[in-house]
Amino acid sequence: MQIVETILALVLTLGILVTLHEFGHFWVARRCGVKVLRFSVGFGKPLYSWYDRHGTEFAVAAIPLGGYVKMLDEREGPVPEDQKHLAFNSKPPSKRIAIAAAGPIANFLFAIFAYWLLSVVGFTTVAPIVGEVNQGSVADRLGLASGMEIHEVDGHRVTSWRDVNMRLLERTGEFGEIAIDVSRDGSRGTLTGSLDGWRLNDENPNPLGEFGVTPWRPDVPPVLGEIVTGGRADAAGLQSGDRVVAVDGAPVSDWFELVSFIREAPETPLELTVERDGRTQQIVVTPAENKADDGTVTGLVGAGVSEVSWPDEVLRDVSFGPLAAIPNAMSETWGDTRLTLVAIKKMVTGLLSPTNLSGPITIARIAEASVSSGFEDFVRFLAYLSVSLGVLNLLPVPVLDGGHIVYYTIEAIRKKPLSEQAQAFGLRIGMAMILTLMVFALYNDLMRL
């Protein structure tokens, strides 16, 4: 069932972003006087199609991993004499550049709209308050300490741990100074220090953790929440609301300590001292063996944690008026754009491992998780992915929109197009680069399963 949900999330995500991207090409092509033959969401044989009054076919195809806009073009087939003025290749370079750029621009505009919508609707986030700092880490050298709330990173306002993570990602592999604006107990100041080439873990990057910070969280009591039907906890007779006060006689202070006991005892009986309805009883449960991707074996009983409430003082309500939300949305979109460009640069220069490159499987899993998390997370994920799609398509690589823009710009300067041989050579190089990246991204996906 989860696989089906993941696939549906991927189809929904790509469907939205691809349709927006191709609509950008379509809308501008129409206004530049180019006849559009087909607007397809997906590749392959159309499952459903219809025609508008201009003769354009709109299709939903069988393979939902992309889409395209097919325009009238003499390079792709004969064009009737009376329609040659409607062909894409007959238009001046300026109009062809506009058409090629329209797809990525549509992605950026969607991201701005998505962030504007979130800003107007408003959302509640947990303030980035430091819980623990690892000794000897970058955070420790800067002077970050438990209880400090982070307000800015390098002059950029942050309101959540997501914001902090995004800012830290931009600084991976660097040796310069970082500035973090913090407050605690009513006083506020800025901590500065050197990054000393701080880098992310190649296999499982965690910017915040590797920087040396654990977010503050409220105490989580060892109280059971949802019990998985048919799991070991269910079989042993444990119930939602049970509070575990000891394991094999050893006191348990919080949920994480309970989890530690269980994880370390696969297929080993544990005697739990449980408080239920004001009475204490002993219940023996044997954690099932759970094997992780890296081969690590841990215990699992099939019980979740009871819901924990965050104190009002650590929650931040973020909202803007319709006009004030516009610059905020543009700032968020520019932040995502900058992060994508920095990530590409650092992969090329070796400061960020190519193993962080993700393909459709990882995108599908993140999409499914964001859909499950709620409206805000899904919209943020769509916005960030839309920006990434826009940036990548503007790269000066033949077969991408950016490559076409380079060709048309050269044509505008030279007053004549590049030779067919030069364009064909560039096309082969571009195809090889894109296919290599796709294969590598898919390989990374499979290694994460």
Side-chain angles (χ1 to χ4, degrees), residues 1-7 9 126 131-132 134 161 201-206 208-210 212-310 361-362 364-374 377 445-449:
M1 186 63 183
Q2 186 175 2
I3 294 177
V4 175
E5 292 176 354
T6 301
I7 292 174
V126 176
E132 297 178 5
N134 296 339
W161 284 116
N201 182 288
D202 289 346
E203 299 300 323
N204 187 27
N206 175 12
L208 200 58
E210 291 161 40
V213 173
T214 299
W216 180 88
R217 59 195 175 200
D219 292 334
V220 182
V223 178
L224 304 185
E226 181 181 359
I227 304 296
V228 178
T229 302
R232 296 294 177 87
D234 183 39
L238 290 167
Q239 298 177 11
S240 176
D242 285 349
R243 183 186 185 98
V244 180
V245 296
V247 176
D248 287 340
V252 174
S253 59
D254 61 26
W255 174 261
F256 304 102
E257 193 171 6
L258 172 61
V259 170
S260 180
F261 276 117
I262 293 171
R263 286 175 59 84
E264 293 172 6
E267 299 301 340
T268 302
L270 297 175
E271 184 180 68
L272 308 185
T273 302
V274 176
E275 288 183 354
R276 180 189 298 169
D277 298 328
R279 292 179 295 178
T280 300
Q281 57 182 294
Q282 317 312 124
I283 296 179
V284 176
V285 61
T286 302
E289 185 179 278
N290 179 51
K291 191 171 184 180
D293 297 341
D294 60 1
T296 304
V297 177
T298 57
L300 185 71
V301 297
V305 63
S306 181
E307 185 176 352
V308 178
S309 298
W310 290 83
I361 296 175
T362 298
R365 294 171 70 177
I366 296 175
E368 194 274 331
S370 62
V371 170
S372 302
S373 297
D377 286 341
D445 282 354
L446 294 174
M447 290 299 99
R448 295 186 184 110
L449 293 178

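The analysis underlying the following values was restricted to heavy atoms, covering all of them including side chains, and did not include hydrogens, waters or symmetry mates.
- A distance of 6.5 Å separates CZ of Arg232 from OG1 of Thr286, quoted to the nearest 0.5 Å.
- Interatomic distance, Arg263 CZ to Asn290 CG, rounded to the nearest 0.5 Å: 8.0 Å.
- Within the 4.5 Å cutoff, no side-chain heavy atoms of Leu238 are placed close to those of Val301.
- Residues Val252 and Pro222 are in side-chain contact: their nearest non-hydrogen atoms beyond the backbone lie under 4.5 Å apart.
- With hydrogens and angles disregarded, no donor-acceptor distance shorter than 3.5 Å links the side chain of Asp234 to the backbone of Gly231.
- Between the side chain of Ser260 and the backbone N or O of Leu258 there is no donor-acceptor pair closer than 3.5 Å.
- Distance check, rounded to the nearest 0.5 Å: CG of Leu224 to CH2 of Trp255 gives 5.5 Å.
- A pairwise comparison of heavy atoms in Leu208 and Pro215 identifies CD2-CG, 3.5 Å as the closest pair.
- Scanning both residues, Glu289 and Glu267, for their nearest heavy atoms gives N-OE2, 3.3 Å.
- Within a 6.0 Å radius of CD in Gln281, other residues, nucleotides and ligands contribute more than 12 heavy atoms.
- Here the straight-line distance linking atom CZ of Arg243 with atom OG of Ser306 works out to 10.0 Å at 0.5 Å rounding.
- Pro269 and Val284 get closest at one heavy-atom pair: CB-CG1, 4.1 Å.
- Summarising the geometry of Ile227 relative to Ala303, their closest heavy-atom pair is CD1-CB, 3.8 Å, with the distance given to 0.1 Å.
- Annotation: Glu307, atom CD; neighbour count of heavy atoms from other residues, nucleotides and ligands within 6.0 Å does not exceed 12.
- With Asp248 contributing its side chain and Glu271 its backbone, the two residues share a donor-acceptor pair below 3.5 Å.
- A donor-acceptor pair is defined here as one N or O able to donate and one able to accept, closer than 3.5 Å; such a pair exists between the side chain of Ser240 and the backbone of Gly225.
- Considering every non-hydrogen atom in both Trp310 and Pro218, the closest pair reads CZ3-CD, 3.3 Å.
- The two atoms that bring Phe261 and Ala250 nearest to each other are CZ-CB, 3.9 Å, heavy atoms only.
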In sequence, state the C-alpha distance, the side-chain angles, and the governing distance for Val305 and Val223, and then conclude on side-chain contact (heavy atoms from CB on, under 4.5 Å).
-> CA-CA 6 Å; Val305 63; Val223 178; over 6 Å; no
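- The only member of Leu270, Thr273, Ile262, Val285 that meets side-chain contact (heavy atoms from CB on, under 4.5 Å) when paired with Val247 is Leu270.
- Atom CD of residue Glu132 and atom OG1 of residue Thr214 lie 5.5 Å apart, to the nearest 0.5 angstrom.
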